[in-house]
Amino acid sequence: MAEKILLTGGAGYIGSHTYVALLAASYEVTILDNFQNANRSVIDRLEQLTGQPVSFAEADIRDATTLAGLFAEYQFDAVVHFAALKAVSESVERPLDYFDVNISGLINLLRVMDAAGCRNIVFSSSATVYGVPDETPTPETAEFRAMNPYGQTKISGEQILNQLTAADDRWNVGILRYFNPAGAHDSALIGEDPRDIPNNLMPFIAKVAAGELEELQVFGDDYDTPDGTGVRDYIHVDDLAKGHVLSLAALLGDGQSHLVNLGTGEGHSVLEMVSAYKRASNRDVPYRITERRAGDVPVYVARADKAEEILGFKTERNLDEMCASSWKWIAGPHSSEDPGPEEKG
Ligand code: NAD
Ligand code: UD1
């Protein structure tokens with residue numbers, strides 16, 4: 001019988017792509033999302049993409065009663081936990097909201113899982129836990145450095161999960177530290193759809209290429225990198241989604257807890273990204289060099305060998321494919337349609 005998975009935050013960017021990958025791997029998946037940062041139309045588009053009705057609950061991860069009801073109804077074998085708030089600057093303005101959703105929400109979920117006897121969880125962590133790392137490519141052994149409340153929530157989440165597995169060996173935990181997810185599904189039915197002006201590089205460039213924003217501000221060209229601009233390890237969101245399938249297989253197969261970076265091991269600068277996007281879109285991407293962004297890290301690149309060794313994880317898609325799929329999504333009919341009820345502005 002197919003194993004049953006609860007996907008919290010499954011209507012979001014990485015969650016929706018992981019939903020498709022999990023279905024392809026024959027899991028039975030239920031999405032829980034409160035649409036805090038997702039469009040309702042994602043559910044219809046997932047149905048269109050997979051040709052199957054989506055099992056879906058609109059709920060908040062902090063709502064223990066609804067969560068317990070879902071566990072009683074579906075008897076989940078594992079949870080993939082994406083639901084969180086993720087904007088760094090907002091986390092500095094509203095730290096308590098971030099602690100509430102990202103930490104209290106996690107604890108609430110773990111309590112409900114424990115009561116239901118479901119003790120397998122994949123947790124979305126981030127390269128942000130490394131702060132400004134001493135070493136690049138950065139190995140999983142690098143120390144935690146919280147740079148902001150958002151980063152702190154990911155460190156705290158990991159620590160809670162580690163202490164939980166140490167105290168009770170019935171828990172199996174997969175901690176995945178994502179580097180910089182980019183791109184979209186090739187169908188152009190799902191992709192990254194920020195509600196406000198994007199904070200992250202690829203969605204910002206996409207909107208400049210589409211003519212929705214005038215120019216990209218390149219935050220600093222005086223870093224100690226080949227062209228002076230910030231370097232990141234961009235990973236195609238479909239590769240990232242496959243990492244979750246492998247993580248679940250390890251947890252549900254032999255109960256193997258793990259902590260791995262998910263990245264390509266290769267870095268690209270902001271200006272390389274601009275060039276790649278121009279090639280993919282055949283559009284101009286005007287940019288201006290400005291001051292460094294406060295709290296920015298010069299280089300984030302993953303040591304990627306542990307995920308390969310433990311999970312057999314290998315990325316397959318390059319930067320050109322990330323840009324091409326992003327452009328197909330942005331230029332397609334589904335992007336930015338049907339904003340949810342909390343659309344700002
Ligand atoms: P996203 O905002 O697109 O997805 C998160 C989803 O969670 C959204 O659909 C949102 O509506 C939902 N959600 C938020 N609060 C909720 C709540 N209280 N109850 C129920 N649902 C709630 O973000 P994403 O980029 O897909 O990120 C997914 C996870 O990966 C997050 O935990 C994020 O911190 C982590 N992460 C993201 C990145 C990145 O660059 N995108 C990098 C590293 C880690
Ligand atoms: C940012 C967050 C990080 C979070 C990640 C994913 C900060 C300081 N860090 O990381 O904690 O985990 O997003 O959500 O916000 N850039 C520009 N112009 C732009 C946007 C970005 O030049 O308009 C540059 C940045 O300086 C950086 C690179 O592009 O060098 C990538 O930036 P971004 O996409 O925001 O990702 P991170 O900085 O890695």
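Order of appearance sets the numbers: ligands from 1, and atoms from 1 within every ligand.
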Have a look at [options] and point out the one with the heavy atom closest to [atom].
atom                    : options                : answer
atom 37 (P) of ligand 2 : R232, R292, H268       : R232
atom 5 (C) of ligand 2  : V129, I197, N200       : N200
atom 29 (C) of ligand 1 : F82, F179, Y98         : F82
atom 34 (O) of ligand 1 : Y234, Y178, Y150, F123 : Y150
atom 35 (C) of ligand 1 : A84, A127, A57, S124   : S124

Give the atom numbers and elements of ligand 2 that come within less than 4.0 Å of a heavy atom of [X].
X    : result
N199 : 20 (C), 35 (O)
G230 : 30 (O)
Q217 : 17 (C), 18 (N), 19 (C), 22 (O), 23 (O)
T128 : 11 (O), 12 (O)
Y150 : 12 (O)
L216 : 18 (N), 19 (C), 23 (O)
N180 : 36 (O), 37 (P), 39 (O)

Return the closest protein heavy atom for [atom] as residue, atom name and distance.
atom                    : value
atom 8 (C) of ligand 1  : D33 OD2, 3.5 Å
atom 22 (O) of ligand 2 : F219 N, 2.9 Å
atom 25 (O) of ligand 1 : K86 NZ, 2.8 Å
atom 31 (C) of ligand 2 : Y234 OH, 3.5 Å

For ligand 1, is [X] a contact, meaning one of its heavy atoms is under 4.0 Å away?
X    : answer
S125 : yes
P181 : yes
V101 : yes
K154 : yes

Item to check | For F35, atoms of ligand 1 separated by under 4.0 Å from a heavy atom | outcome: 11 (O)
Checklist entry - Going by the order shown, which atoms of ligand 1 are within less than 4.0 Å of some heavy atom of I61? => result 17 (C), 18 (N), 19 (N), 20 (C)
Item to check | V80, I31, V29, L67 screened by side-chain contact (heavy atoms from CB on, under 4.5 Å) with L6, the one that passes | outcome: L67
Checklist entry - Would the Y13 and Y19 ring centres measure less than 6.0 Å apart? => result no
Next on the checklist: Taking the six-membered ring for Trp, are H244 and Y178 closer than 6.0 Å centroid to centroid?
Outcome noted: yes
Checklist outcome for this item: With heavy atoms and a 4.0 Å threshold, my read on which part of Y287 contacts ligand 2 is neither
